[in-house]
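Beneath this line is the structure, given in structure tokens, with notes to follow.
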Amino acid sequence: GDSVTQMEGPVTLSEEAFLTINCTYTATGYPSLFWYVQYPGEGLQLLLKATKADDKGSNKGFEATYRKETTSFHLEKGSVQVSDSAVYFCALKETSGSRLTFGEGTQLTVNP
Amino acid sequence: GAVVSQHPSRVICKSGTSVKIECRSLDFQATTMFWYRQFPKQSLMLMATSNEGSKATYEQGVEKDKFLINHASLTLSTLTVTSAHPEDSSFYICSASYRGRETQYFGPGTRLLVL
């Protein structure tokens, strides 16, 4: 079955540091890939997505590129802010159907 | 756009009682709604998928008689936890999508505490 594996957290960075959160996936078809963010006490918000190989999703300074050859969708940001502190979830959705499969989530804390 | 609300945001109930959680799409017609459960510091576990006007499809291991899901309209789905027990305490999150779009829009979640 489909699965998503994220790098283990928690991740603690200083403000303006470079962020990478690794995400790899296993899927039978050609899934769409997503990053969701969950701020403390809130539900998930879509951060970015990519629907086919080599697509790059970007939003709020975050980027992730759909790499079919390495089955990866790593999240990056060049300079994190304290307000980026949250839990980040990588997810995939197969072409057919509407079901999302989530990774375990990675807690990010950014210190001033 | 694409806002999903949940009510209540937090509920405390006694063991053995039933609790209803509402999920509403405020500015779009949600042809499909999803219910997830999230344990502390863990990922989301899909409980069931519901399409408007039809019965929900439950994931393996989820008791459909305990977690009743109704999707009576294109803007409202409800999850009723029947005869709640302390082990049902969790964060319940709904999401919604509409025909032709693959993105799911998530509600803010409902924290249930069963005493």
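Worth knowing before you read on, the calculation uses all heavy atoms, side chains too, and leaves out hydrogens, waters and symmetry mates. Within every chain, numbering begins at 1; the chains are lettered A, B, ... in the order of the sequence lines, protein sequences first and strands thereafter.
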inquiry  = Just so I know, are the side chains of A:L100 and B:F106 near enough to count as touching, which here means a heavy-atom distance under 4.5 Å?
reply    = yes

message = Testing B:T49, B:L46, B:T57 one by one against A:R99 for a side chain to side chain contact (heavy atoms under 4.5 Å, CB included), which residue passes?
response = B:L46

Contact origin within A:F34 toward chain B - heavy atom pairs under 4.5 Å = side chain

task = Would you confirm whether B:S43, through its side chain, and A:G105, through its main-chain N or O, come within 3.5 Å as a donor-acceptor pair?
result = no

note = When the 4.5 angstrom heavy-atom criterion is applied to B:Q6 and chain A, the contacting part is neither

inquiry  = Looking at B:H85, I want to see if its NE2 is surrounded by more than 12 non-hydrogen atoms of other residues, nucleotides or ligands under 6.0 Å.
reply    = yes

remark   = Output for pair (B:Q104 CD, A:K93 NZ), nearest 0.5 Å, gives 8.5 Å

Residue that, paired with B:Y36, satisfies ring-ring contact (aromatic ring centres under 6.0 Å, His included) out of A:F102, A:F89, A:Y36 = A:F102

request  = State plainly whether one hydrophobic cluster holds both A:F73 and A:L46, where clusters connect Ile, Leu, Val, Met, Phe, Trp and Tyr through side-chain heavy atoms under 4.5 angstrom apart.
outcome  = no

note = Under 4.5 Å to a heavy atom of chain B? For A:E104 that would be both

task = Take atom NZ of B:K66 as the centre, draw a 6.0 Å sphere, and report whether it contains more than 12 heavy atoms from other residues, nucleotides or ligands.
result = yes

ask   = Using non-hydrogen atoms only, which part of A:Q6 is less than 4.5 Å away from chain B: side chain, backbone, both, or neither?
value = neither

query = Does OH in A:Y39 sit with more than 12 non-hydrogen atoms of other residues, nucleotides or ligands closer than 6.0 Å?
reply = yes

inquiry  = Quick check: is A:M7 connected to A:V110 through a chain of hydrophobic side chains (ILVMFWY, heavy atoms under 4.5 Å apart)?
reply    = yes

query = How far apart are the closest heavy atoms of A:E42 and B:F91, and which atoms are they?
reply = O-CE2, 4.1 Å

ask   = Mind checking whether B:I69 and B:I21 sit in one hydrophobic cluster, side chains of I, L, V, M, F, W, Y counted as touching below 4.5 Å?
value = yes

ask   = Got more than 12 heavy atoms from elsewhere within 6.0 Å of CD, B:E87?
value = yes

